[in-house]
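Below is one structure, written out as C-alpha cells; comments come after it.
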Amino acid sequence: QLQLVESGGGLVQPGGSLRLSCAASRFTLDYYVIGWFRQAPGKEREGVSCIRRSDGSTYYADSVKGRLTISRDNAKNTVYLQMNSLNPEDTAVYYCAAGSDVWAGNIPTVQAMCVVHEYDYWGQGTQVTVSS
C-alpha cells in the first residue's frame with residue numbers, strides 16, 4: 001500500500017517561513033505527479049502546487065506564486081514545499097498527494113493535474129498556522 005507522510009507544519013508568525021516534507025514509502029514516485037493541497041476551515045480543498053516527477057515541471061496557484069517553492073529529492077523519494085512570506089490566509093491543513101502520471105494518450109499539463117480528483121493517494125495532513 002502506497003504511503004505518504006507529511007511533516008514540517010507548525011505555528012509561524014506572519015512573514016515567516018516553513019518547509020513541508022512529503023516522504024513516500026512502499027512505492028517510488030517515478031510515475032507520479034505529486035501535489036500539495038490545503039484545506040482551511042469551512043473551505044474546499046485546493047491545489048497549491050504540483051510537480052511532475054519525470055521532468056520536474058511545476059505549477060503554482062496564483063495565491064502562492066513567488067512565495068512557495070516545490071522541489072523533489074529523487075534519491076530520498078521526497079517532495080518539499082518551501083513556504084516563505086507566510087500570511088494568515090495561508091493557515092490550513094496541508095496535504096500531499098500522489099496521482100498516476102502514466103497516460104495512454106495525450107499527457108495533461110501539471111496545471112491540469114493539480115486538482116483534487118486527479119489524486120488517488122493522500123497523506124494525513126499537517127497543520128500550518130500563521131498568526132502573531
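Using modelled atom types, no side-chain atom of Glu6 and backbone atom of Thr126 make a donor-acceptor pair closer than 3.5 Å. Counting only distance, with no hydrogens or angles, the side chain of Arg26 and the backbone of Gln3 share no donor-acceptor pair below 3.5 Å.
Residues Leu20 and Val128 meet the side-chain proximity criterion, which asks for heavy atoms closer than 4.5 Å. Counting heavy atoms from C-beta outward, Val79 and Cys96 have side chains that stay 4.5 Å or more apart. Counting heavy atoms from C-beta outward, Asp90 and Arg38 have side chains that approach closer than 4.5 Å.
Across all non-hydrogen atoms, the minimal contact from Cys114 to Ser49 is SG-C, 3.7 Å. Considering every non-hydrogen atom in both Arg53 and Asn77, the closest pair reads NH1-OD1, 3.6 Å. Taking every heavy atom of both residues into account, Tyr60 and Lys65 meet most closely at O-CE, 3.4 Å. Closest approach of Pro14 to Ser132, counting heavy atoms only: CD-N, 3.7 Å. Listed here is the closest heavy atom pair of Glu118 and Ala112: CG-O, 4.2 Å. Nearest heavy atoms, Ile51 versus Val110: N-CG1, 4.2 Å.
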Legend entry - Audit row: Leu68, Trp36, side chain to side chain contact (heavy atoms under 4.5 Å, CB included) steps and yes/no: CA-CA 11 Å; Leu68 273 58; Trp36 283 100; over 6 Å; no

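Grouping Ile, Leu, Val, Met, Phe, Trp and Tyr by side-chain contacts under 4.5 Å, direct or through others, puts Trp103 with Val33, Phe37, Val93, Tyr95, Ile107, Met113, Val116, Tyr119, Trp122.
Using a 4.5 Å cut-off between side-chain heavy atoms of Ile, Leu, Val, Met, Phe, Trp and Tyr, with links allowed through other members, Ile70 and Leu18 fall into the same hydrophobic cluster.
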